[in-house]
Amino acid sequence: MNAYPSNFKNPGKAGPPRLSALLKSINVWTVSWLLISSLITFAYGYYFQLEELAHLSLFGWMTTLVSEFSLVAAILGIIMLYIHDRSQKDDPIQRVFPVVIWGRKFLISLGPLLRQYIFSNDQEELPYNRITRKWIYESSRGARNTIGFGTQLDMDKVGSYLIMPATFTNKKSKTGEEVGHSYKKVIGAHTGVQPVTLTHFVNISAMSFGALSGRAHEALNLGAKMAGILHNCGEGGLAPCHEKGGDLIFQIGTAKYGVRDENGNLDTSLLAELAQHPQIKMFEVKLAQGAKPGKGGMLLKEKITPEIARIRKIPMGKDAYAPARHQEFSDVDGLFDFIDTVRKTTQKPVGIKMVIGHTSEIEDIAEKMSREPGRGPDYIAIDGGEGGTGASPLVLSSYAGLPMKQAVAVADWALKRHKVRDKVVIFASGKISTPIEIAVAMALGADAVYIARGFMFSLGCIQALECHTNTCPSGIATQDKRLEKALNVEAAAQRIATYAKTLYTETQMLAEACGYDNPNQITADDIMVVTSPGHLDYLSELHGISAYEASLERQRARKMGMTVGEMKIYESDQHK
C-alpha cells in the first residue's frame, strides 16, 4: 500500500496525456452523465425539433445536436458534480464547497509547472535550482558557461562555500583555460586482485536498467567510454544497453538481481561467469542507498518488461521487491566473509555502498580491516542521506542517514584512526553536480565522486519529478517505448562525455587556484563556509567533529547502559 496519496507522490504532473488515464476516468458517474445527456438531447430534438431538423442537411443536423448536447452536458455535468461532491465522504472541503473545489484542484496540479517556469526565481527550486540546471545543460553541450557582471549567488548566505586561492604559492602557469591532468587512484592494490586505476575522479552513480530506460543506459555507457570514467550499472543486473564499451561497476543489491538463484540468494556460478565480462572492472555490495536507508527497493510491475524480467531473473506481472538487508550476513564479520566470497569468485576489486548512521558502524569496519590485513572492501561508496534518483518514502529520503559531507568526513576519520586509510578509496555520493561540490567532497576526504542526477540533466532531464511513475517526459526514467524514443543515444552520450570533461577541467581549475596539482590535495582548510552573516569558518571545523564527539559520547553511554541524554543528566547530577 502506498505510504502517501498518489497526488503527493506525483507532484510534477508533467507526463503527456495517456489512454490509461482516460480509461481510469470512466466510472458510474461519467457513464451516467454521458448517457443522460445523450437521452435528453435526443428527446428534445425528437419532441421539439423534429420538423425543423427534417429540413436541415446532415451537417446542419449534426451541428445543431452537438451544440445542444454540449449545453445539456455542461448543465447536467455541474448538477451531477454538485451531487457527487455533496455525497462523497473523503474530503470535507469538497462537501462544503462543491463544484468550485475543482478549480482549486486544477490550480494545485498546475502549480509545479507554473512555479518551475514562471514564478520561482533562479535559486529557489529544489532539489536543483535553475542556476545549477542551466550550468549543467550548457556544460554538457560544450557551450561557454562563463558569466558576466558578477555572481548571482549571495556570498553572505549561510552555507555558501568559498575556496581560498593561493596568491604566492600558486606557481602553476597555464595558457588560457588549460589545466593539468595528474589525478590517479588505484583500487585493489592491497588485496591481490586485478587493480583498477582511476584517471578521472567523476563516475556515473548506480542507476538500474528498469528504473532508467534502455536508451538512457546506452547513452550513459557510451558517454562513460568517451570520457574514460566508470559507469555503475545499478542493482538491476547487466543488460545489453550497458554493453557499449564503457567500463562498468556491477552492483550486487540485496535481491542479487542478475546473479541470484531461484530463492533470491547469491549464485556464485553466475557471478563467476559475469566476472569474465571485459567491461566489468569492479563489483559493489550495496548495503544501503541514500534515498531509502534501511529499506529495500521496488520496481513497479508496469516497468517490468520481458527483457528486464530475464536480466533480473524475476517473474513478470508482479512488483519486484528487494529486501531491506542481505540475507547472507547481519554483522561486520559476515560482511567481510561475503566480500571475500565475491572477491575470490571474481578476482576483481570489491567495494561496498553504505549510508552512515551511527559512526560506530564505519569504525567497526575500519577496526576489522586493521586487525585483518588484506580483507574488507577495496573501496567504500558513501551515499548521503539526502536521497537521490531512487523513489522512496518521504520519511526515509528526507530524514534518514547522515548527510554526504558529514558522512564522508566521518568515514575518512575512522579509516585514518585505524591506519587503513591508504587501503581504501572513498567515493562520495549525494547531490554532487558542480565543481565546487566535488572540491568540498574531496576536501572532506573523498578520493572520487559518484554523480547521478547531474548526468540525468546531461541526458535531457527537466526535473519533472516523475522518475517513479513511468511517465518521464524526457524518455529517461521510463520503460514506455513511445517516450523513450525522445532520447537520441549518440547525442546524449556526447553530452555525458562533455559534462564529465567540464567537471574535471573546472574542479582541477579550483585545485590549481589553491596551488595544487590535483583536487585530491585540496584540504578542508582550503575552503571556508559562511556559518552566520559576516562570519566564516573553515570546512574542517564543521563536518565530522560533531559526529566524532557524538561517537565518543555514545560509546561511553552504552557502557553505562544509558542514552547519551541520560548519561549527561547523570553526570550533571554527580557534579552538583
My understanding is that only one of Ile163, Val408, Ile527 makes a side chain to side chain contact (heavy atoms under 4.5 Å, CB included) with Val440; could you say which? Ile527

Just checking, Arg375 and Phe336: is the charged tip under 6.0 Å from the six-membered ring centre and within 45° of the axis? no

Using a distance-only test with no angle check, is there a side-chain donor-acceptor pair under 3.5 angstrom linking Thr498 and Gln494? yes

Which atom pair, heavy atoms only, marks the closest approach of Met404 to Gly430? CE-O, 3.9 Å

With a 4.5 Å cut-off on side-chain heavy atoms, are Ile382 and Phe427 touching? no

Take atom CD of Glu273 as the centre, draw a 6.0 Å sphere, and report whether it contains more than 12 heavy atoms from other residues, nucleotides or ligands. no

How many angstroms lie between CG in Leu287 and CG in Leu335, if you round to the nearest 0.5 Å? 5.5 Å

Using the side-chain contact (heavy atoms from CB on, under 4.5 Å) criterion, which residues pair with Glu367? Sequence neighbours excluded. Arg371, His418

Less than 4.5 Å apart, side chain to side chain, heavy atoms only: is that true for Leu402 and Val355? no

Check whether any side-chain heavy atom of Lys353 lies under 4.5 Å from a side-chain heavy atom of Asp383, and answer yes or no. yes

Going by salt bridge (Lys or Arg N to Asp or Glu O under 4.0 Å), name the pairs with one or both residues in residues 522-539, residues two or more places apart or in two chains. none

Could you check Glu284 against Tyr379 for side chain to side chain donor-acceptor pair (under 3.5 Å), going step by step and ending with a plain yes or no? CA-CA 9 Å; Glu284 180 175 286; Tyr379 73 88; 2.7 Å; yes

Would you check, one step at a time, whether the test salt bridge (charged side-chain N to carboxylate O under 4.0 Å, His left out) holds for Arg558 with Glu553? CA-CA 9 Å; Arg558 292 179 76 178; Glu553 288 178 339; over 6 Å; no

Would Lys348 count as a cation-pi partner of Phe283, with NZ or CZ less than 6.0 Å from the six-membered ring centre and within 45° of the ring normal? no

How far does CG of Asp517 sit from OG of Ser182, to the nearest 0.5 angstrom? 5.0 Å

Going through the distances and angles, do His200 and Lys501 end up as a side chain to side chain donor-acceptor pair (under 3.5 Å)? CA-CA 9 Å; His200 199 310; Lys501 179 182 177 181; over 6 Å; no

Using only atom types and a distance under 3.5 Å, with no angle test, would you say the side chain of Arg421 pairs donor to acceptor with the backbone of Val424? yes

Which donor-acceptor pairs under 3.5 Å do the side chains of residues 208-225 make with protein atoms, sequence neighbours left out?
unit_1 : atom_1 : unit_2 : atom_2 : d
Ser208 : OG     : Glu235 : N      : 3.1
Ser208 : OG     : Gly236 : N      : 3.1
Ser213 : OG     : Ala216 : N      : 3.2
Ser213 : OG     : Gly475 : O      : 2.9
Ser213 : OG     : Ile476 : O      : 3.3
Arg215 : NH1    : Leu487 : O      : 3.0
His217 : ND1    : His242 : NE2    : 3.3
His217 : NE2    : Met207 : O      : 2.9
His217 : NE2    : Ser208 : O      : 3.1
His217 : NE2    : Phe209 : N      : 3.2
Asn221 : OD1    : Lys244 : N      : 2.9
Asn221 : OD1    : Gly245 : N      : 3.2
Asn221 : OD1    : Gly246 : N      : 3.0
Asn221 : OD1    : Gln279 : NE2    : 3.3
Asn221 : ND2    : His231 : ND1    : 3.2
Asn221 : ND2    : His242 : O      : 3.2
Asn221 : ND2    : Gly246 : O      : 3.3

Could you tell me whether the side chains of Thr434 and Glu437 share a donor-acceptor contact shorter than 3.5 Å? yes

Roughly how far apart are Asp340 CG and Thr191 OG1, rounded to 0.5 Å? 9.5 Å

Would you say the side chains of Glu512 and Gln508 form a donor-acceptor pair under 3.5 Å? yes

Measure the acute angle between the ring planes of Tyr137 and Phe457, then classify it against the limits of 30° and 60° as parallel, tilted or perpendicular. perpendicular

Step by step, would you call Asp412 with Lys416 a salt bridge (charged side-chain N to carboxylate O under 4.0 Å, His left out)? CA-CA 6 Å; Asp412 180 65; Lys416 285 178 177 175; 3.0 Å; yes

What distance do His543 atom NE2 and Leu444 atom CG have between them, rounded to the nearest 0.5 Å? 6.0 Å

Tell me, do Met509 and Pro435 make a side-chain contact under 4.5 Å, heavy atoms counted? no

With the side chain counted from C-beta on, respond yes when Pro519 and Tyr504 share a heavy-atom pair under 4.5 Å apart, and no when they do not. no

Heavy-atom side-chain proximity of Ile426 to Leu415 below 4.5 angstrom: yes

